[in-house]
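When a ligand or atom number is given, it counts from 1 through the structure's own listing order.
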Amino acid sequence: MALRLTTAGESHGPGLTCILEGIPAGLAIEREAIDRDLSRRQLGYGRGGRMKIERDQVKVTGGVRHGRTLGSPIALAVVNRDYANWEERMNPWPVEAEVPEVHLPRPGHADLVGTQKFGLSDVRDVLERASARETAARVAGGAVAKSFLRELGVEVFSHVIQIASVEAPRRDDLGPGDFAAVDESPVRCLDREASEAMVAEIDRLRKANESLGGVFEVRAFGVVPGLGSYVSWEERLDGRLGQAVLSIQAIKAVSLGDGFEVASVPGSQAHDEIFYEASRGYYRNTNRAGGVEGGMTTGAPLVVRASMKPLPTLTKPLRSVDIATHEPAEALRERTDSCTVPAAGVVGEAMVAFVLADAYRRKLGGDHIEDVRAALRAYEERIEWQRA
Ligand code: EPS
């Protein structure tokens, strides 16, 4: 049994939908937990005017009854409140009004290639779906995946470690308890001084009509060893995590553990030595691998970092070409955010949670959550794994 997450919907259309297939029956789901993640995704210093309009909340239209999953596909809907202002431009059905086409693709966005690929003359037909608004649907599905993981003793968190040139001090010692107040930082950064410097950097660059990228980190704790596999390339969990996190809009690089740094150190400093004590079982004193060796989880915390490029919608637009006339032109200027790295971290949590939940489903099977729990207990006993 594998998990499947499908989303539908456009940024300024009537709304977004997420269908999550493969969650077992009997799992307790709380509406508040989904809504909490939806509003966490709306947080972050540097968002634009749109976030004042939206108040994302889930409407469950399938797969859940009286707060428990049925084992059937779970359908989650999120309304776009802004649709009220776009009803003519984004109506699913023909309208009387003349709706002008957009012909000015933004460098760095899906705009130009999307029109070429699908044979479209209106950039809006591309940008509406390419927009990161779609991530609200992923976060709704991810919140359900997190509820499933919580039943199996797994918790997933994220924090921002860099915005533009401002980096937070490196922390290798973070545990689940360290993330309790992360959303209180306006940039979702655990270091107070770095938070303040990041906010100042956003202000400085926003005034210069710039957008900002950065790096977020997702950590998952309590993950059992042996999720994923070394036997086939497509089962390798590092590959699955990479695909899922790279698929988040504007993400350009993903690393596990020491990722890029490991290339520059000798082999003796690149790996995590193995120890054993009867009371602890196998353990490591370092986690350079980021919790994955040979495409499988090791039982150490999963550490996934993602680098996000500055958003391509700029208030001082870059040079582009009018796709109707082929004349030089400035790229489309639309209302936009200047920095969404804090929100992208919440989306990263959702994608990592989805990949882990999928890996647990593949490993343990089961139709009811109790079947899954029993299979996990039996596996943990066989490998004599002890939670840290
Ligand atoms: C986005 C542009 C902005 C963002 C949007 C993503 O939307 P608008 O064009 O309506 O101002 O606010 O993100 C969201 C709506 C969201 O919920 O995250 C883009 O072009 O990708």
Colleague: Judged by modelled atom types alone, do Glu293 and Thr298 share a side-chain donor-acceptor pair under 3.5 Å?
Modeller: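 Note: Glu293 and Thr298 side chains miss the donor-acceptor criterion.
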
Colleague: Ignoring angles and geometry beyond distance, decide whether Arg50 reaches within less than 3.5 Å of ligand 1 through its nitrogen or oxygen atoms.
Modeller: yes

Colleague: Between the side chains of Glu273 and His271, is a donor N or O closer than 3.5 angstrom to an acceptor N or O?
Modeller: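 Distance-only check fails for Glu273 and His271.
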
Colleague: Establish, yes or no, whether the cationic atom of Arg4 lies under 6.0 Å from the six-membered ring centre of Phe354 and within 45° of the ring axis.
Modeller: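 Checked: cation-pi criterion not met.
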
Colleague: Closest non-hydrogen protein atom to atom 20 (O) of ligand 1, residue and atom name please, with distance?
Modeller: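 Result for atom 20 (O) of ligand 1: His109 NE2, 3.9 Å.
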
Colleague: When you measure from atom 6 (C) of ligand 1 to every protein heavy atom, which one gives the shortest distance, and what is it?
Modeller: Ser131 OG, 3.4 Å

Colleague: Would one find an N or O of Asp56, backbone or side chain, under 3.5 Å from an N or O of ligand 1?
Modeller: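 By distance alone, the answer is no.
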
Colleague: Tell me, which protein residue and heavy-atom name are nearest atom 15 (C) of ligand 1, and how many Å apart are they?
Modeller: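 Its nearest protein heavy-atom neighbour is Arg133 CD, 3.2 Å.
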
Colleague: Quick check: His12 with Tyr83 (ring centres under 6.0 Å apart)?
Modeller: no

Colleague: Can you confirm, on distance only, whether ligand 1 has an N/O atom lying under 3.5 Å from any N/O atom belonging to Met51?
Modeller: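 In this structure, Met51 places no N or O atom under 3.5 Å from an N or O of ligand 1.
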
Colleague: Any luck finding a side-chain donor-acceptor pair between Arg41 and Thr340 under 3.5 Å?
Modeller: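 No, no side-chain donor-acceptor pair sits under 3.5 Å.
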
Colleague: Is a side-chain donor-acceptor pair under 3.5 Å present for Arg50 with Ser11?
Modeller: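 Distance-only check passes for Ser11 and Arg50.
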
Colleague: Between Asp122 and Arg89, is the closest basic N to carboxylate O distance under 4.0 Å?
Modeller: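 No salt bridge links Arg89 with Asp122.
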
Colleague: Select one of side chain, backbone, both or neither to describe which atoms of Gln249 lie under 4.0 Å from any atom of ligand 1, heavy atoms only.
Modeller: neither

Colleague: Do Thr313 and Arg106 have side-chain atoms, one donor and one acceptor, less than 3.5 Å apart?
Modeller: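 Yes, a side-chain donor-acceptor pair sits under 3.5 Å.
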
Colleague: Does any N or O of ligand 1 fall below 3.5 Å from an N or O anywhere on Arg41, backbone included?
Modeller: yes

Colleague: How far apart are the C-alpha atoms of Leu76 and Thr17, what are their side-chain angles, what is the distance that settles it, and do they pass the side-chain contact (heavy atoms from CB on, under 4.5 Å) test?
Modeller: CA-CA 6 Å; Leu76 308 164; Thr17 307; over 6 Å; no

Colleague: Looking at ligand 1, does Ala136 have a heavy atom less than 4.0 Å from it?
Modeller: no

Colleague: Considering only non-hydrogen protein atoms, determine which one is nearest to atom 21 (O) of ligand 1 and report residue, atom name and distance to 0.1 Å.
Modeller: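 For this ligand atom, the closest protein heavy atom is Ala132 N, 3.0 Å.
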
Colleague: Check whether the side chains of Glu201 and Ser165 place a donor and an acceptor atom closer than 3.5 Å, and report yes or no.
Modeller: yes

Colleague: Give the contacting part of Gln42 toward ligand 1: side chain, backbone, both or neither, where contact means a heavy-atom distance below 4.0 Å.
Modeller: neither

Colleague: Side chain, backbone, both or neither: which part of Asp337 comes within less than 4.0 Å of ligand 1 when only heavy atoms are counted?
Modeller: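 Looking at Asp337 and ligand 1, just side chain atoms fall under 4.0 Å.
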
Colleague: If you measure every N or O of His12 against every N or O of ligand 1, does any of those distances drop under 3.5 Å?
Modeller: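 N/O-N/O distance under 3.5 Å: yes.
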
Colleague: Would you mind telling me if ligand 1 is within reach of the side chain of Arg47, the backbone, both or neither, using heavy atoms under 4.0 Å?
Modeller: side chain

Colleague: What protein heavy atom lies closest to atom 11 (O) of ligand 1? Include the residue and the distance to one decimal.
Modeller: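 Checked against all protein heavy atoms, atom 11 (O) of ligand 1 sits closest to Arg335 NE, 2.7 Å.
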
